[in-house]
Amino acid sequence: MNEQDKAKIQQAVTMILEAIGEDPKREGLVDTPKRVANMYEELTAGYRDDEKVHLAKTFDVQSTDWVIEKDIYFSSMCEHHLMPFFGKIAIAYVPTDKVVGLSKLARTVEVFARRLQLQERLTNDIADAVMANLNAKAVIVLCEAEHTCMTARGVRKIGSKTVTFAKRGDVDKNQFKLLNEMMR
């Protein structure tokens, strides 16, 4: 994020503070616009990152068994309210002839989580990226998250979770059921 974009965010935050009746020059708020701009730079870093870079480091493999990485914790921002949602993701895939380093799956999650998101899109983007970049035979992504736009405001149902799945490739019903249980 360039300095011009950060200045726009700072100006917008100052305007928000004024609109809600606060004094942006008050001691506790003087640096708030700058802190919020830095926060948005961090929370939207996925726009300046590319999943292909992370999924390019692969290793040859002769196995065609499932590879599962689970409990990949993430936080993202809901594009509807600009409020956080957070949870965990599990990725299962069947390699064709190569596997990716395990940290690269977590990095791929971060690329997509660090953008304004819908949970459904996040889940699908990860599945599509793994399928395309690894030439996988099959991919399943499970995402379970808590949305603060639902727990901290609105209906305020603290602890409620949303679960989304994305399935690509050849996965039969029995495999899907077993993998679902293993991934949770």
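Here Leu105 contributes atom CG and Ile89 contributes atom CD1; the two are 11.0 Å apart, rounded to the nearest 0.5 Å. If you take CD1 on Ile16 and OG1 on Thr32, they are separated by 11.5 Å, rounding to the nearest 0.5 Å. Taking CZ from Arg48 and CE from Met1, the interatomic distance works out to 5.0 Å, rounded to the nearest 0.5 Å. The SG atom of Cys143 lies 11.5 Å from the CG atom of Asp125; values are rounded to the nearest 0.5 Å. Between the CD atom of Glu69 and the CG atom of Leu102 there is a distance of 5.0 Å, given to the nearest 0.5 Å. The distance from atom OG1 of Thr96 to atom CG of Leu134, rounded to the nearest 0.5 Å, is 8.5 Å.
Side-chain atoms of Val163 and Leu142, non-hydrogen and from C-beta on, do get closer than 4.5 Å to each other. Looking at heavy atoms from C-beta onward, Glu22 lies in side-chain contact with Leu29 at the 4.5 angstrom threshold. Using a 4.5 Å heavy-atom cutoff, the side chains of Cys78 and Cys149 are in contact. Here the side chains of Tyr93 and Met131 are not in contact, with every heavy-atom distance at 4.5 Å or above. With contacts defined as side-chain heavy-atom distances shorter than 4.5 Å, the pair Val30/Pro24 does not qualify.
Atom CG of Asp170 has 12 or fewer heavy atoms from other residues, nucleotides or ligands within 6.0 Å. Around CE of Met15, the count of heavy atoms belonging to other residues, nucleotides or ligands within 6.0 Å does not exceed 12. Environment of CD in Gln11: sparse, with no more than 12 heavy atoms of neighbouring residues, nucleotides or ligands closer than 6.0 Å.
Listed for the Arg115 side chain is no donor-acceptor partner under 3.5 Å among the backbone atoms of Thr44. A donor-acceptor distance shorter than 3.5 angstrom exists from the side chain of Gln175 to the backbone of Asp172, with no hydrogens or angles considered. Side chain of Ser76 to main chain of Arg114: no donor-acceptor pair is present (N/O by atom type, distance under 3.5 Å, no hydrogens or angles). Listed for the Asn2 side chain is a donor-acceptor partner under 3.5 Å among the backbone atoms of Asp5. Not a single donor-acceptor pair under 3.5 Å links the side chain of Asp49 to the backbone N or O of Ala45.
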Checking Val141 against Lys167 for the side-chain contact (heavy atoms from CB on, under 4.5 Å) test, could you report, in this order, the C-alpha distance in whole Å, the side-chain angles of both residues, the deciding distance, and whether it holds?
CA-CA 7 Å; Val141 176; Lys167 179 177 73 155; over 6 Å; no
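Residues His54 and Asn133 bring no donor and acceptor atom of their side chains to less than 3.5 Å of each other. Between the side chains of Gln119 and Thr164, at least one donor N or O lies within less than 3.5 Å of an accepting N or O.
Residues satisfying the side-chain hydrogen bond (donor to acceptor under 3.5 Å, both in side chains) test with Asp128, not counting sequence neighbours, are Arg168. Contacts of Glu18 classified as side-chain hydrogen bond (donor to acceptor under 3.5 Å, both in side chains), with partners at least two apart in sequence or in another chain: none. Glu41 pairs by the side-chain hydrogen bond (donor to acceptor under 3.5 Å, both in side chains) definition with Lys6, not counting sequence neighbours. Listed by chain and number, the residues in a side-chain hydrogen bond (donor to acceptor under 3.5 Å, both in side chains) with Arg121 are Glu79, Gln117 (sequence neighbours excluded).
No chain of hydrophobic side-chain contacts below 4.5 Å, direct or via other Ile, Leu, Val, Met, Phe, Trp or Tyr residues, connects Ile68 to Ile126. Residues Leu122 and Leu55 share a hydrophobic cluster, clusters being chains of Ile/Leu/Val/Met/Phe/Trp/Tyr side chains in contact below 4.5 Å. No path of Ile, Leu, Val, Met, Phe, Trp and Tyr side chains, each step under 4.5 Å between heavy atoms, connects Leu43 with Phe112, placing them in separate hydrophobic clusters. By the rule that hydrophobic residues join a cluster once side-chain heavy atoms approach within less than 4.5 Å of another member, Val155 and Met83 end up as members of separate clusters. Hydrophobic clustering (ILVMFWY, side-chain heavy atoms < 4.5 Å, transitive): Val67 and Val61 are in one cluster.
Contacts classified as salt bridge (Lys or Arg N to Asp or Glu O under 4.0 Å) and involving residues 87-106 (residues at least two apart or in different chains) are given here: Asp71-Lys88. Residues in residues 138-147 take part in these salt bridge (Lys or Arg N to Asp or Glu O under 4.0 Å) pairs, two or more places apart or across chains: Glu146-Lys161.
Ring geometry for Phe74 against Phe85 counts as perpendicular: the plane angle is over 60°, on a 0 to 90° scale with 30° as the lower cut.
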